[in-house]
Trainee: 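The structure is given below, and queries will be raised subsequently.
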Amino acid sequence: MTITKRFWISLIFSLPMLANMILMPFGWMLPGGDWTQLALTTVIMLVATGPFVQSAWSSFKKHHSNMDTLVAIGTATAYLYSIYAMATQQPVFFESAAFVTTFVLLGQVFEERMRNNASNAVEKLVNLQAKDAEVLRGNEFVKVPLAEVELNDVIRVKPGQKVPVDGVIVKGSSTLDESMVTGESMPVEKCVDDAVIGSTMNSTGTFLFKANKIGDQTMLSQIVDLVKKAQNSHAPIQKLTDKVSDIFVPVVLILAILTFLTWYVFLDASIARALIFAVSVVVIACPCALGLATPTALMVGTGRGAKMGILIKNGEVLEAVNDVKTVVFDKTGTITVGKPQVTDIVGDQQQVLQVAASLEESSEHPLAAAILARAKKAIIAALPVDDFKAIEGKGVSATIDSQTGFVGNTKLLTTAKLSDELEQQAAKLQNEAKTVVVVGVADEIIGLIAIQDMPKSTSKAAIAALKSRGLKTVMLTGDNQRVAQAVADQVGIDDVIADVLPGDKAEQVQALQATGKVAFVGDGINDAPALTTADVGIAMGSGTDIAIDAGGIVLVKNDLRDVDRALALSKKTFNRIKLNLFWAFIYNVLGIPVAAGIFFAIGLTLSPELAGLAMAFSSLSVVTSSVLLNKAKITSKVQPA
């Protein structure tokens with residue numbers, strides 16, 4: 001039975017007893033008297049309170065106690081004592097057991113509703129999906145349900161329609177509104193070979209695209225999955241809360257027993273009055289608010305992050321962000337655009353470019369793509385090669401025209417050496433933030449190719465924002481020191497660690513962790529070990545699936561400024577968790593003495609039913625505090641352009 005149904009049953013059966021309490025001074029009595037109250041309360045105990053008792057008993061068998069333990073003991077004590085009081089013709093308080101159950105369930109109904117409101121980010125994301133697609137079948141386009149779209153299907157999208165799945169445009173161009181997925185408010189122009197994201201809205205033109213991700217593989221599905229996992233995860237601080245609850249419940253029970261003994265034995269109160277004080281202590285101390293403090297804030301924070309294009313995968317990451325001292329960046333595709341272009345060729349342009357293109361044709365490195373693009377533009381055909389080898393962090397080699405050819409950095413050179421003239425030219429190009437690769441055949445260097453990958457327009461502002469938070473910024477790259485330093489100077493990076501092989505990035509991160517927690521920002525396959533090793537891994541949304549899987553935070557918009565926004569959101573969410581925990585603890589600490597009757601002499605007391613109502617509103621206040629996180633201002637240090 002749902003919490004809502006249990007609440008309504010409890011409320012309906014409690015109302016006659018409420019009327020009895022209010023109207024008794026005016027001479028009205030509930031028909032049947034105590035027997036009617038017994039019958040009404042018994043229904044409530046069996047239907048509405050039963051799950052609390054079952055939960056408490058399950059915990060007891062495992063030698064634990066939980067929040068339901070206090071509710072079960074408080075209501076059961078009131079109920080059983082009232083039966084005893086009926087038999088001995090003493091005053092009963094069945095209404096206390098009934099009202100405590102009703103008010104506790106009222107708090108849980110509010111919690112459930114607000115929890116649903118907090119997690120509606122996922123529902124909104126799911127509803128963004130298109131319901132069908134116009135797919136090319138034979139020689140005509142046929143509208144089919146989204147579930148029937150297959151990989152490599154050619155799909156037509158007209159103005160005003162949603163893009164059904166992820167893919168690449170093969171014909172036509174248009175302007176797309178990607179704000180619902182990436183959070184980017186400006187429309188994005190798309191043409192042939194550009195990627196499109198499922199669920200984004202087509203604005204102006206008609207285009208055809210080939211589906212390359214369908215079903216659970218689309219970006220929207222992955223975002224939904226990440227948000228769900230994050231909202232169901234726990235921050236490490238939750239473990240502290242669980243431990244406190246484990247100790248807190250037995251302590252409360254001991255306090256309740258001491259309260260009863262003090263009033264009954266030492267202060268000579270009636271058994272009924274002593275029991276009321278004891279039950280009030282049990283009910284007011286129920287740490288429901290304590291248990292809600294972390295998960296509700298976590299749900300709201302991660303949901304808001306999803307709307308901003310910042311996916312926080314779990315609570316552990318959210319908590320670790322608050323202690324980060326150093327932010328480490330990969331260079332290519334993270335600080336820079338990730339689309340390098342050939343700017344200079346030293347030597348015989350035809351020969352150098354043909355050898356380089358022939359060797360790089362089998363390579364997947366971003367620099368290889370730049371060389372092949374330049375060769376295609378110059379209409380230079382690649383020659384066949386044999387024995388192709390990719391040498392990690394150095395370059396490639398292969399047999400071309402019966403001779404060994406090579407393209408790569410100076411680490412690749414063994415017997416061949418750069419002439420003084422080539423060294424000077426290479427140094428000049430590197431000082432201009434250009435990466436220089438050496439091209440050679442048969443142990444002879446035939447030329448140099450300079451490739452430049454420009455920093456993103458947002459990188460400088462993003463680095464400045466992080467530095468204004470007092471964070472140290474470091475660039476970790478496989479590029480040489482001169483090029484790396486030139487890029488670092490352009491964007492304002494503090495330190496540069498260059499000439500690092502892909503496999504050594506994780507070791508460099510570990511070394512930096514000696515001085516404090518480290519966040520690593522990257523996008524490539526070779527960044528995955530460093531993303532995993534860092535205390536907080538931040539993956540760019542345009543990066544590889546492996547990097548995104550390894551990152552604890554994913555920046556959907558591929559905007560480096562979102563690193564600062566992610567830090568701001570995480571800090572705000574974690575601070576809200578701490579605020580919630582503070583109020584939950586303070587509430588219990590202040591409420592117990594009042595419930596125990598310490599202020600009885602000045603007329604300040606708390607009956608079990610009022611304690612139950614106060615406890616329900618305590619839980620409600622914590623959930624409300626979490627929900628207000630949706631309206632809280634996220635203070636980013638990024639300066640407006």
Side-chain angles (χ1 to χ4, degrees), residues 6 9-11 13-25 28-57 59-60 65 68-105 249-250 252-286 592 595-597 600 605-613 615:
R6 286 166 57 202
I9 289 170
S10 184
L11 178 64
F13 281 82
S14 297
L15 286 175
M17 288 183 277
L18 177 63
N20 187 61
M21 285 177 61
I22 295 171
L23 300 175
M24 190 183 293
W28 185 86
M29 294 287 290
L30 188 67
D34 291 348
W35 287 101
T36 302
Q37 291 195 59
L38 170 62
L40 293 170
T41 308
T42 300
V43 174
I44 293 171
M45 291 297 292
L46 290 173
V47 178
T49 316
F52 292 127
V53 177
Q54 290 170 2
S55 173
W57 179 247
S59 294
F60 176 74
S65 53
D68 292 340
T69 304
L70 297 179
V71 178
I73 289 176
T75 53
T77 302
Y79 176 70
L80 294 173
Y81 170 77
S82 296
I83 293 174
Y84 162 77
M86 271 185 67
T88 56
Q89 297 185 335
Q90 296 181 52
V92 299
F93 49 99
F94 284 116
E95 69 279 357
S96 294
F99 293 154
V100 165
T101 300
T102 303
F103 291 139
V104 170
L105 287 171
V249 173
V252 167
L253 294 178
I254 292 169
L255 286 174
I257 293 168
L258 290 174
T259 299
F260 175 81
L261 292 175
T262 301
W263 279 99
Y264 184 63
V265 177
F266 300 109
L267 299 178
D268 202 26
S270 67
I271 189 171
R273 181 176 292 281
L275 206 55
I276 285 174
F277 284 127
V279 171
S280 297
V281 168
V282 170
V283 174
I284 195 71
C286 182
I592 289 174
F600 179 75
T605 60
L606 203 61
S607 65
E609 53 268 33
L610 288 178
L613 182 61
M615 188 262 290

Trainee: Is there side-chain contact between Y79 and T42, with heavy atoms separated by less than 4.5 Å?
Mentor: yes

Trainee: For the backbone of L30 and the side chain of N20, can you confirm whether one donor and one acceptor N or O come within less than 3.5 Å of each other?
Mentor: yes

Trainee: With distance as the sole test, does W263 use its side chain to make a donor-acceptor pair with the main-chain N or O of A596 at under 3.5 Å?
Mentor: yes

Trainee: Given S14 and I44, is the side chain to side chain contact (heavy atoms under 4.5 Å, CB included) satisfied, shown in steps?
Mentor: CA-CA 8 Å; S14 297; I44 293 171; 3.4 Å; yes

Trainee: Indicate yes or no for a side-chain donor-acceptor contact from T36 to the backbone of P31 under 3.5 Å, with no hydrogens or angles considered.
Mentor: yes

Trainee: Quiz question: by atom type and distance under 3.5 Å, do the side chains of T101 and T49 form a donor-acceptor pair?
Mentor: yes

Trainee: If only side-chain N and O atoms count, and only distance matters, is there a donor-acceptor pair under 3.5 Å linking Y264 with S270?
Mentor: no

Trainee: Could you give me the CA-CA distance, side-chain angles and deciding distance for V47 and F13, then say whether side chain to side chain contact (heavy atoms under 4.5 Å, CB included) is met?
Mentor: CA-CA 11 Å; V47 178; F13 281 82; over 6 Å; no

Trainee: For the atom pair CD (Q89) and CG (D34), what is the distance rounded to the nearest 0.5 Å?
Mentor: 10.0 Å

Trainee: Show the nearest heavy-atom pair for residues L38 and I83, with the distance to one decimal.
Mentor: CD1-CG1, 3.9 Å

Trainee: Name all residues meeting the side chain to side chain contact (heavy atoms under 4.5 Å, CB included) criterion together with A76; count only those two or more places apart in sequence or in a different chain, and write none if there are none.
Mentor: none

Trainee: Start with the C-alpha gap between M45 and F94, add the side-chain angles, then the distance that decides, and say whether side chain to side chain contact (heavy atoms under 4.5 Å, CB included) holds.
Mentor: CA-CA 10 Å; M45 291 297 292; F94 284 116; over 6 Å; no

Trainee: Cation-pi check for F52 against R6: NZ or CZ below 6.0 Å from the six-membered ring centre and within 45 degrees of the axis, yes or no?
Mentor: yes

Trainee: How far does CD1 of I276 sit from CD1 of I271, to the nearest 0.5 angstrom?
Mentor: 11.5 Å

Trainee: Is the backbone N or O of A595 less than 3.5 Å from a side-chain atom of S280, with the two atoms forming a donor-acceptor pair by type?
Mentor: no

Trainee: Specify the closest pair of heavy atoms between L105 and A48, including all atoms of both residues, with the distance to one decimal.
Mentor: CD1-CB, 3.8 Å

Trainee: Side chains of residues 255-262: which donor-acceptor pairs under 3.5 Å do they make with residues two or more places apart or in other chains?
Mentor:
| unit_1 | atom_1 | unit_2 | atom_2 | d |
| --- | --- | --- | --- | --- |
| T259 | OG1 | L255 | O | 2.7 |
| T262 | OG1 | L258 | O | 2.7 |

Trainee: Does any non-hydrogen side-chain atom of L40 lie less than 4.5 Å from one of P16?
Mentor: yes

